[in-house]
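Everything below concerns the one structure shown next.
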Amino acid sequence: MEIVITDGADTSGRLAADAIVALLQRKPAAVLGLATGSSPLPIYDALAARHSAGEVSFAQARGFTLDEYVGLPADHPERYRTVIDTEFVSRVDFAPDAVQGPDGLADDIAAACASYEAAIAAAGGVDLQILGIGTDGHIGFNEPGSSLASRTRIKTLTKQTRIDNARFFGDQVDAVPTHCLTQGLATIMSARHIVLVASGTGKAEAVHHMAEGAVSAMWPATVLQHHPHVTVLVDQAAASRL
Ligand code: GLP
């Protein structure tokens, strides 16, 4: 795990974007793993700017999102598929349908999860996975207690995550869905390169466990210690417990 302490989230975003631009220059049909949450936003801003400057194209690239709430209507603004479209996909030149996410509205959730895994495999796997981290050490929506060998499946959100995410739902914790679909920890670990960004003191404990704690399902991000190519971009505050 390579840990880079930066002077802030914007710098972390620029550095992550550099890695993605370099990948796309080397492999225009690269498969990107996309994450929601506030942490990756500076990455998407930097990539949109570099796309506008004519420095990078996503025309041949594919994207797979990490997770999705269960049951949010298709037109709900906080549906992760809508969020990723607004924040990133619509700002660059992905081909139609080049970006997919788990279907949180599927009648048969187990089948939807299996077909999502199959779609990622059929695309050749993820070349570069963008990740944030939850205050409780979750990645994607793999909450504490998630199997380190898990694949895409339905999970119950913890109270803490629902409280953390209530800011996107008018500060109403009860408005935050109770369930989600998420790529599993083993799914995430299958990516060839993982770039995790975190900033602020709220993430310091999770970053400490991820990098220095014992590998445990109770701090899901610790599984990344077993990955051969992880780049962690953190600001001073998020690195303050290292
Ligand atoms: C959500 C997402 C995660 C994200 C985490 C942290 O729970 N499912 O993918 O990493 O929140 O979000 P933020 O970056 O907004 O702190």
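Start at 1 with the first residue, then count along the sequence. We count ligands from 1, going down the list as the structure has it; atoms in each ligand are counted the same way.
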Review point. Closest non-hydrogen protein atom to atom 6 (C) of ligand 1, residue and atom name please, with distance?
Key: I133 O, 3.6 Å
Point to revise | Aromatic contact, F88 with H51 (centres under 6.0 Å) | key: no
Check your understanding: Under the criterion side-chain contact (heavy atoms from CB on, under 4.5 Å), which of L157, L72, L66, I154 is the partner of C180?
Key -> L157
Check your understanding: Of the listed options (G140, G132, G37), which comes nearest to atom 9 (O) of ligand 1 when hydrogens are ignored and any heavy atom counts?
Key -> G140
Check your understanding: Could you go step by step and tell me if S38 and R167 meet the side-chain hydrogen bond (donor to acceptor under 3.5 Å, both in side chains) rule?
Key -> CA-CA 11 Å; S38 43; R167 67 191 193 279; 3.2 Å; yes
Review point. Just by distance, with hydrogens left out, do H76 and T82 show a side-chain donor and acceptor under 3.5 Å apart?
Key: no
Practice item. Among all protein heavy atoms, pick out the one at the shortest distance from atom 2 (C) of ligand 1; state its residue, atom name and that distance to 0.1 Å. Key: Y80 OH, 3.7 Å
Practice item. Decide, yes or no, whether a salt bridge links R50 with D18 under the criterion of side-chain N to carboxylate O below 4.0 Å. Key: yes
Exercise for review: Compute the ring centroids of F168 and Y80, then answer whether they are less than 6.0 Å apart.
Suggested key: no
Practice item. List the closest protein heavy-atom neighbour of atom 8 (N) of ligand 1: residue, atom name, distance to the nearest 0.1 Å. Key: D67 OD2, 2.8 Å
Exercise for review: Output the list of atoms in ligand 1 that are nearer than 4.0 Å to some heavy atom of N165, sorted by atom number.
Suggested key: 1 (C), 7 (O)
Point to revise | Atom indices of ligand 1 within 4.0 angstrom of F141 heavy atoms, with elements | key: 1 (C), 7 (O), 8 (N)
**Study point:** S38 and ligand 1 - part of the residue with a heavy-atom distance under 4.0 Å
**Key:** both
Review point. Starting from atom 14 (O) of ligand 1, which protein heavy atom do you reach first, and at what distance in Å?
Key: S39 OG, 2.5 Å
Exercise for review: Tell me which protein heavy atom sits closest to atom 5 (C) of ligand 1, plus the residue, atom name and distance to 0.1 Å.
Suggested key: H138 NE2, 3.7 Å
Exercise for review: Verify the neighbour count for atom NZ of K159: are there more than 12 heavy atoms of other residues, nucleotides or ligands below 6.0 Å?
Suggested key: no
Check your understanding: Identify the closest protein heavy atom to atom 4 (C) of ligand 1: which residue and atom is it, and at what distance?
Key -> T36 O, 4.1 Å
Check your understanding: Would you say Q183 touches ligand 1, if touching means a heavy atom closer than 4.0 Å?
Key -> no
Practice item. Determine the sole option in T222, D67, L196, I194 for which the side-chain contact (heavy atoms from CB on, under 4.5 Å) test with I139 is passed. Key: L196
Check your understanding: At what distance is the nearest protein heavy atom to atom 16 (O) of ligand 1, and which residue and atom is it?
Key -> K203 NZ, 2.6 Å
